[in-house]
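Just passing along the structure, written as structure tokens.
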Amino acid sequence: MVTWKPDPSFYPSPRMAMKAAPETLAYVAAFDPTRAVPDELAVVDVDPKSTSYSQIVTSVAMPNVGDELHHFGWNACSSCLCPNAPHPHGERRYLVVPGLKSSRIHIIDTKPDGRKPTIVKVIEPGEVAERAGYTRPHTIHCGPEGIYVAALGNAEGKAPGGVFLMDHESFEVRGQWEMDRGPQQLSYDVWWHLGHDTLVTSEWGTPDTFENGLIPEVLLGSKYGHRLHFWDLHKRKHLQTIDLGEKYQLVFELRPAHNPTKAYGFVNCVLSLEDLSSSIWVWHRDGEKWAMTKVIDIPAEPADPELLPPMLKGFKAVPPFVTDIDLSMDDRFLYVSCWGTGDLHQYDVSDPFEPKLTGKVRIGGVVSRASHPGAKNGALNGGPQMVEISRDGRRVYFTNSLYGAIDDQVYPDGVSGWMVKLDAKPDGGIAFDEKFFVEWPKSHRPHQVRLQGGDCSSDSYCYP
């Protein structure tokens, strides 16, 4: 008799996930900013024992051009073990890869050979719009009962954006998630506290305000997102809005604590209109409500206007542009990408209200153009952007492209793609792995990274 067992990469708790074997492959979404050739999902060898270590070993080309592959995720993960909607015999097998520009969703099978994934299904934008009423799928998260997708526009590409669900086995689009959206209009990221029946969403803008680059009038007019929204996860009902204030523009990445007994999380604000700084905020419980506290400010750096792109010359400074953050599995270290200055910060957030800077590296940057020990071409552009952490917290990977049209506003000479890895010490401190520098093919720019078997921004847990 065959015994049906859960996927071995599913773990009931973050503590157990940290004991998993090291990843040997990374999957990286890469797009062609000129839309001349198809975007690709690249497979990178991250096994130090391999002869192809730090190399792209294969790639899967999408069937169309112009998708702008962005944030993607697994069809199933450790949340399948949760008691509220268990699917313990699901399998972490398929990557769900949306095109932010095209609204097309690709289903990619990573088995039987993880080094040779294949496209098994393509969901066209018309189907998504008809079934869910949304376009521009942005963020993929595997939940206990299915795949959650945050979308930035409605069927016409306007507000409201929101969340829809897909089946984690058939990949059918089930429909719009919200039963009562309240005042929520803008969308960006989505995540949750499964142990507290709470879903959280953040804000960017409608597609017409970012697809051709950031619009100065919209930015300076405080029209981009500056709120967080809190929802009843099971009733699918909007409960509370917290406004950071109009000067805080572009409230992006949600990183809730992995320990399900903890009711807090981190979110980054890309830009303050007051002083061009970036900031990190903690959401947390305050009695019967949720509250927000700013815990980190990262200032802009003064710079010679001659070295700045046109959009920044008048400010005579480089904003840090904190565009991504990631939280280690033990909830101890927060990694912060400063895409403008070229810094990657590591903070000890054991006390989430008193972060302590414990590590810092610099690579790329608008002005600094800092290099890497493994780089062959000297000065590098772009900067730390999408960051991903191994389950045990010892390895940190990141790439350097944000979004095609915005890349070219901040780095007018174009972004030459690269991917790097940091080694992290158990008690703080980070350093480049000098043997890991992936110089990306000129035809594409790398964006999000997913690690084989799971990582620190893909899984959620119901047991401490």
Side-chain angles (χ1 to χ4, degrees), residues 27 29-41 60-76 93-110 117-143 145-181 184-190 201 203-213 236 403-405 444 447-448 450:
Y27 298 98
F31 68 97
D32 170 22
T34 69
R35 302 186 176 92
V37 298
D39 296 350
E40 297 179 344
L41 183 77
V60 180
M62 300 303 106
N64 300 278
V65 298
D67 287 308
E68 184 111 17
L69 301 186
H70 204 63
H71 294 186
F72 65 108
W74 293 103
N75 67 306
R93 174 169 182 163
Y94 301 95
L95 288 166
V96 182
V97 186
L100 183 54
K101 182 77 172 179
S102 68
S103 299
R104 191 176 287 115
I105 300 175
H106 310 85
I107 309 301
I108 299 180
D109 190 355
T110 65
T118 57
I119 299 173
V120 294
K121 185 173 184 176
V122 177
I123 304 167
E124 293 297 332
E127 181 178 345
V128 176
E130 179 184 359
R131 287 177 170 261
Y134 288 127
T135 56
R136 280 63 168 206
H138 178 270
T139 299
I140 305 292
H141 277 309
C142 37
E145 70 279 51
I147 301 164
Y148 285 67
V149 185
L152 302 192
N154 64 12
E156 292 74 40
K158 304 295 183 182
V163 178
F164 66 92
L165 258 67
M166 297 172 60
D167 187 275
H168 72 286
E169 292 180 336
S170 70
F171 305 106
E172 292 293 318
V173 176
R174 290 179 183 166
Q176 187 175 112
W177 177 80
E178 300 88 356
M179 293 294 288
D180 177 1
R181 73 170 64 252
Q184 178 267 329
Q185 291 290 300
L186 300 181
S187 178
Y188 182 79
D189 199 3
V190 58
T201 61
E203 297 186 339
W204 185 1
T206 52
D208 59 325
T209 64
F210 65 77
E211 286 189 334
N212 295 313
R236 297 151 59 188
Y403 181 74
H444 290 80
H447 192 61
Q448 190 176 33
R450 283 272 168 247

Quiz prompt | Sub-4.5 Å side-chain heavy-atom contact between Val122 and Pro63 | solution = yes

Practice problem: Specify the closest pair of heavy atoms between Gly205 and Phe210, including all atoms of both residues, with the distance to one decimal. | Solution: O-CE2, 3.3 Å

Quiz item: Would a 4.5 Å heavy-atom cut-off, applied to side chains only, mark Trp74 and Thr110 as touching?
Solution: yes

Exercise. Starting at CG of Leu69, measure out to CG of Asp32 and round the result to the nearest 0.5 Å.
Key: 10.5 Å

Quiz item: Can you tell me how far CZ of Phe72 sits from NE2 of His447, rounded to the nearest 0.5 angstrom?
Solution: 9.5 Å

Self-check item: From Phe164 atom CZ to Glu178 atom CD, the distance as rounded to the nearest 0.5 Å
Solution: 11.0 Å

Self-check item: Partners passing side chain to side chain donor-acceptor pair (under 3.5 Å) against Thr118 (at least two apart in sequence or in another chain)
Solution: none

Exercise. Measure the CD-CE distance between Glu172 and Met166 for me, rounded to the nearest 0.5 Å.
Key: 8.5 Å

Practice problem: Hey, could you give me the CG/CG distance between Asp39 and Asp67, rounded to the nearest 0.5 Å? | Solution: 5.5 Å

Quiz item: Is any side-chain heavy atom of Ser103 closer than 4.5 Å to a side-chain heavy atom of Val128?
Solution: no

Quiz item: Considering residues, nucleotides and ligands other than Asn212, do more than 12 of their heavy atoms fall under 6.0 Å from its CG?
Solution: no

Quiz item: How close do Ile140 and Ile147 get, heavy atom to heavy atom, and via which atoms?
Solution: CG2-CG2, 3.7 Å

Quiz item: Out of curiosity, Lys121 NZ to Tyr94 OH, how far, rounded to the nearest 0.5 Å?
Solution: 11.0 Å

Quiz item: side-chain contact (heavy atoms from CB on, under 4.5 Å) between Tyr134 and Trp177: does it pass, once the steps are laid out?
Solution: CA-CA 11 Å; Tyr134 288 127; Trp177 177 80; over 6 Å; no

Quiz item: Where do Gly161 and Ser187 come nearest, in terms of heavy atoms and distance?
Solution: C-CB, 3.7 Å

Quiz item: Passes side-chain contact (heavy atoms from CB on, under 4.5 Å), Trp204 versus Thr209? Steps please.
Solution: CA-CA 9 Å; Trp204 185 1; Thr209 64; 5.8 Å; no

Quiz item: Which atom pair, heavy atoms only, marks the closest approach of His71 to Thr139?
Solution: ND1-OG1, 4.0 Å

Quiz item: Less than 4.5 Å apart, any side-chain heavy atom of Val149 and any of Pro98?
Solution: no

Quiz prompt | Verdict with reasoning, Asp109 to Arg93, per side-chain contact (heavy atoms from CB on, under 4.5 Å) | solution = CA-CA 6 Å; Asp109 190 355; Arg93 174 169 182 163; 2.7 Å; yes

Exercise. Give the minimum heavy-atom separation between Tyr403 and His70, together with the two atoms involved.
Key: CD1-CE1, 4.0 Å

Quiz item: Is the backbone N or O of Asn154 less than 3.5 Å from a side-chain atom of Thr135, with the two atoms forming a donor-acceptor pair by type?
Solution: yes

Quiz item: Is His141 close to Asp189 at the side-chain level, that is, under 4.5 Å between some pair of heavy atoms?
Solution: yes

Self-check item: Minimum side-chain heavy-atom gap Tyr148-Leu165 below 4.5 Å
Solution: yes

Quiz item: Which is it for Arg104 and Met62 under the side-chain contact (heavy atoms from CB on, under 4.5 Å) test, yes or no, and what are the steps along the way?
Solution: CA-CA 10 Å; Arg104 191 176 287 115; Met62 300 303 106; over 6 Å; no

Quiz prompt | Electrostatic pair Arg136:Glu68 at N-O distance under 4.0 angstrom | solution = no

Quiz prompt | Heavy-atom check, side chain of Ile107 versus side chain of Val96, under 4.5 Å | solution = yes

Quiz item: Looking at Tyr188 and Leu152, what are the two nearest heavy atoms and their distance?
Solution: CA-CD2, 3.6 Å

Quiz prompt | Residues that His444 engages under ring-ring contact (aromatic ring centres under 6.0 Å, His included), provided they are two or more places apart | solution = none

Quiz prompt | Heavy-atom donor-acceptor pair, Gln184 side chain to Leu186 backbone, under 3.5 Å | solution = yes

Self-check item: Heavy-atom side-chain proximity of Pro160 to Arg181 below 4.5 angstrom
Solution: yes

